[in-house]
**Q** 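Let me begin by handing over the structure; questions about it come next.
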Amino acid sequence: MSKDVAEVIVETLADAGAKRCYGVVGDTINHLTDKIRTSDIDWVHVRHEEVGAFAAGAEAYMTQELALCAGTCGPGSLHFINGIFESHRNGSPMVFIASNVDRQEEGLNFPQEVDQTKLYEQCSVFCERISHPDQAQRIVTQAAQAALAHQGVAVVVVNGDMFKEKVHSDTRWSVHRTQPVIHPNPAELDALVELINDADNITLYAGIGAKGANQELMELANYLKAPIVHSSRSKEFIEPNNPYQVGMTGILGNKAGMESVLDCDLLICLGTDFAYTQFYPTHAKIAQINVETTHLGKRCPIDLGLTGDVKATIQQLLPKLSQRSDEGHLNKALKQWQKDLDGYRKEEVSDHSLIHPQTVTRRLNELAGDDAIFTADGGSPMVWLLRHLEAKGSRRFLTSLSHGTMANAYPQAMGIAKAYPERPVIALCGDGGMTMLMGDLLTLIQENTPVKLLIYNNETLGFVEMEQRVEGQLDSFTKLQNPDFSEVAKAMGLDSWRVESPEDIDNAMAQWLASDKPALLDVKVSPMELVMPPKIEAGQVASTALFGIKAILNGRMDEVTDLLKDNFLR
């Protein structure tokens, strides 16, 4: 007996390794979800499709296996779009089944009709429509293969009536996974050696593309006596047990990382695509190694671009190098890195009446397990994660760095916990992000997913407030009137705690982490905490002072006092 398109889609994706599909059932995908019901793929019923896309993308990011979303026509599929953009930009191999109205209604402005292809081709590595039943397996196979090979979202558009069509072709298509080893040719490597030999102070800048090359990076740093600066996404594997790493550059980074990049005379970028041109050196030579040739020279002018895997390229490069002995540049960076760490420890001290978010994050660092997986909302929570949580080899981290969205943390934690039910999964949530998608706390209960949610409750959009104040503006429209999140969570069925004084943090956090249910910890933190950049420029100080003058003139003297006390006087 021939199978219908829905059954073929489900079987093909299951054969490609997909274990879960996230979405909200209804109209044009009901036939698809009925086939999922009788398959080995689990359906995760979320309350909002954006949450489903975040969760599926996080599962795919962590496992590097397929995760799925499926959306109904019109509004259903549209609700996925922010999570799809996030998942595509962070490198998640995900397949999204985007349904549309029945074919006889297409092109007639039928209710809920949306051109899914135009929407999703800008945030996918593959976006095709099944226009004939016998295409179903072939197109879905290509979608799965594209998602896995290119580490991005693949979209398959299917009309609601197409799911019920019978497939008559018996041709079998399957997903092929390859692991090619790519490195530059000898002449290109010799050109890099020449740059290295001509340089006195060399810095290595390692990104997510250096994953799996930890040992090779440290060998290269040892040969060159070079500090290793890492991007935010590569923190989890560059930072642990690495005597050469000195932190990050950029606005979220630290002084040692920034100075190591700006003060070198040769910067070697290894698998990084850091976007902010102003943080690259202007007088140094720059060499870049990336497996994607299109990334070479995309962010700043470079002197040498090489296509290759970081690990394979370093392995080819090392025999061509001579051991260096001058450790001046490296030791200067390591000395500053220790000062940066000491500065972070000072920030983590709270007095008896005020809780700094750094204090909360440091206690989490000490109480959470070494195998914990952390997510963080875009904004200040991701800064506290990057600065105050230690990578310990088995810990993993996911924040919204390329897309920069709010409300990603606990939906992503949901998908990760589905993939790793034996590991603690902890979401660092802003109060603004939490209230954007709070309804899916019910999904955590319904799915019995024991994610731990930490809310930095400062009753403001803190990162935006910092941006406004640094520009010398009065902060405007950032205040939030929050509920007692612990009471809201309790009403939904979560375990919950609320902390309002520093001495209560440890006990509440220990109980929260020990819960075997979805659990929420609501911590009232200082609303005056600025995310301080690694270097304070004169213009930033002047702008903050200008904010102070404006605030005083507008009767907000108490805020100026608190701002100085919390950020400049401790």
Side-chain angles (χ1 to χ4, degrees), residues 22 24 44-52 54-55 58 355 357 359-361 363-364 367-369 372-382 384-385 398 406-418 421 423-462 479-502 504-527:
Y22 299 78
V24 179
V44 182
H45 178 195
V46 295
R47 301 303 177 102
H48 193 293
E49 289 92 346
E50 183 179 351
V51 169
F54 281 137
I355 303 176
T359 306
V360 180
T361 314
R363 296 306 296 138
L364 176 61
L367 293 173
I373 304 175
F374 300 90
T375 64
D377 273 339
S380 53
M382 72 180 179
W384 312 138
L385 178 150
L398 179 58
M406 291 174 64
N408 58 291
Y410 93 79
Q412 289 178 326
M414 180 196 307
I416 295 168
K418 284 289 186 182
R423 296 180 65 170
V425 182
I426 302 166
L428 281 60
C429 306
D431 45 4
M434 171 56 67
T435 49
M436 286 181 80
L437 291 172
M438 195 157 53
D440 269 276
L441 294 180
L442 295 166
T443 303
L444 295 179
I445 295 297
Q446 187 166 307
E447 293 287 326
N448 192 27
T449 307
V451 168
K452 302 297 180 287
L453 312 174
L454 169 60
I455 300 181
Y456 294 86
N457 187 352
N458 59 4
E459 298 185 332
T460 185
L461 300 176
K479 299 303 180 187
L480 301 172
Q481 184 172 326
N482 291 331
D484 181 330
F485 288 108
S486 66
E487 291 298 324
V488 173
K490 189 178 299 182
M492 290 184 171
L494 287 80
D495 284 347
S496 61
W497 291 261
R498 183 175 173 91
V499 172
E500 297 185 4
S501 60
D504 295 333
I505 294 174
D506 282 11
N507 183 52
M509 187 172 285
Q511 294 182 64
W512 168 69
L513 289 170
S515 172
D516 61 357
K517 295 172 57 179
L520 182 146
L521 180 62
D522 178 11
V523 184
K524 291 279 290 181
V525 296
S526 168

**Q** Nearest 0.5 Å, please: how far is OH in Tyr456 from CG in Asp377?
**A** 10.5 Å
**Q** Checking Arg423 now: which residues fulfil side-chain hydrogen bond (donor to acceptor under 3.5 Å, both in side chains) with it, not counting sequence neighbours?
**A** none
**Q** Can you name the side-chain hydrogen bond (donor to acceptor under 3.5 Å, both in side chains) partners of Tyr22, sequence neighbours left out?
**A**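 Here the qualifying residues are Glu59.
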**Q** Who pairs with Pro483 by side-chain contact (heavy atoms from CB on, under 4.5 Å), at least two apart in sequence or on another chain?
**A** Phe485, Val488
**Q** Which heavy atom of Ala407 sits nearest a heavy atom of Phe54, and at what distance?
**A**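 That closest heavy-atom pairing would be O-CE1, 3.7 Å.
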**Q** About how many Å separate CG of Leu437 and CZ of Arg47, when rounded to the nearest 0.5 Å?
**A**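 Answer rounded to 0.5 Å: 13.5 Å.
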**Q** Of the non-hydrogen atoms in Ile426 and Ala368, which two are nearest, and what is the gap between them?
**A** CD1-CB, 3.9 Å
**Q** Among all residues two or more places apart in sequence or in another chain, which pass the side-chain hydrogen bond (donor to acceptor under 3.5 Å, both in side chains) test with Asn482?
**A**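 If we apply the side-chain hydrogen bond (donor to acceptor under 3.5 Å, both in side chains) test to Asn482, skipping adjacent residues, the hits are Asp431, Asn457.
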**Q** Holding to side-chain hydrogen bond (donor to acceptor under 3.5 Å, both in side chains), I want the full list of residues that pass it with Glu487, two or more places apart in sequence or in another chain.
**A** none
**Q** Sequence neighbours excluded, which residues qualify as salt bridge (Lys or Arg N to Asp or Glu O under 4.0 Å) partners of Asp440?
**A**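 So Asp440 forms no salt bridge (Lys or Arg N to Asp or Glu O under 4.0 Å) with any residue.
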**Q** Looking at every heavy atom in both Ile445 and Met492, which two are closest together, and how far apart are they?
**A**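 Looking at all heavy atoms of both residues, the shortest contact is CG1-O, 3.5 Å.
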**Q** Taking all non-hydrogen atoms of both residues into account, name the closest pair between Gly432 and Met406 and its distance.
**A**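 What the structure gives for the nearest pair is C-CE, 3.6 Å.
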**Q** Name all residues meeting the side-chain contact (heavy atoms from CB on, under 4.5 Å) criterion together with Ala427; count only those two or more places apart in sequence or in a different chain, and write none if there are none.
**A**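 side-chain contact (heavy atoms from CB on, under 4.5 Å) check on Ala427 returns Thr375, Ala409, Tyr410, Ala413, Cys429, Leu453.
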**Q** Which residues pass the ring pair (Phe, Tyr, Trp, His ring centres under 6.0 Å) test with Phe374, not counting sequence neighbours?
**A** Phe397
**Q** Keeping to residues at least two apart or across chains, list the salt bridge (charged side-chain N to carboxylate O under 4.0 Å, His left out) pairs with something in residues 441-455.
**A** Lys418-Glu447
**Q** Which pair of non-hydrogen atoms, one from Ala58 and one from Leu398, has the smallest distance, and what is that distance?
**A**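 Closest approach of Ala58 to Leu398, heavy atoms only: CB-CD2, 3.7 Å.
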**Q** Using the salt bridge (Lys or Arg N to Asp or Glu O under 4.0 Å) criterion, which residues pair with Asp504? Sequence neighbours excluded.
**A** none
**Q** For Ala510 and Leu367, which heavy atoms make the closest approach, and how far apart are they?
**A**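 Minimum heavy-atom contact is N-CD1, 4.4 Å.
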**Q** Which residues pass the side-chain contact (heavy atoms from CB on, under 4.5 Å) test with Ala376, not counting sequence neighbours?
**A** Pro381, Met382, Leu385, Thr399, Leu428
**Q** Indicate yes or no for a side-chain donor-acceptor contact from Thr359 to the backbone of Ile355 under 3.5 Å, with no hydrogens or angles considered.
**A** no
**Q** Working to the nearest 0.5 Å, report the span between OG1 of Thr443 and NE2 of His48.
**A**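 The NE2 atom of His48 is 11.5 Å from OG1 of Thr443, to the nearest 0.5 Å.
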**Q** Please answer whether the main-chain N or O of Met509 pairs with a side-chain N or O of Trp497 as donor and acceptor at a distance below 3.5 Å.
**A** no
**Q** Scan residues 511-525 for pairs that pass salt bridge (charged side-chain N to carboxylate O under 4.0 Å, His left out), counting only residues two or more places apart or in two chains.
**A**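 The answer is Glu459-Lys524, Asp495-Lys517, Arg498-Asp522.
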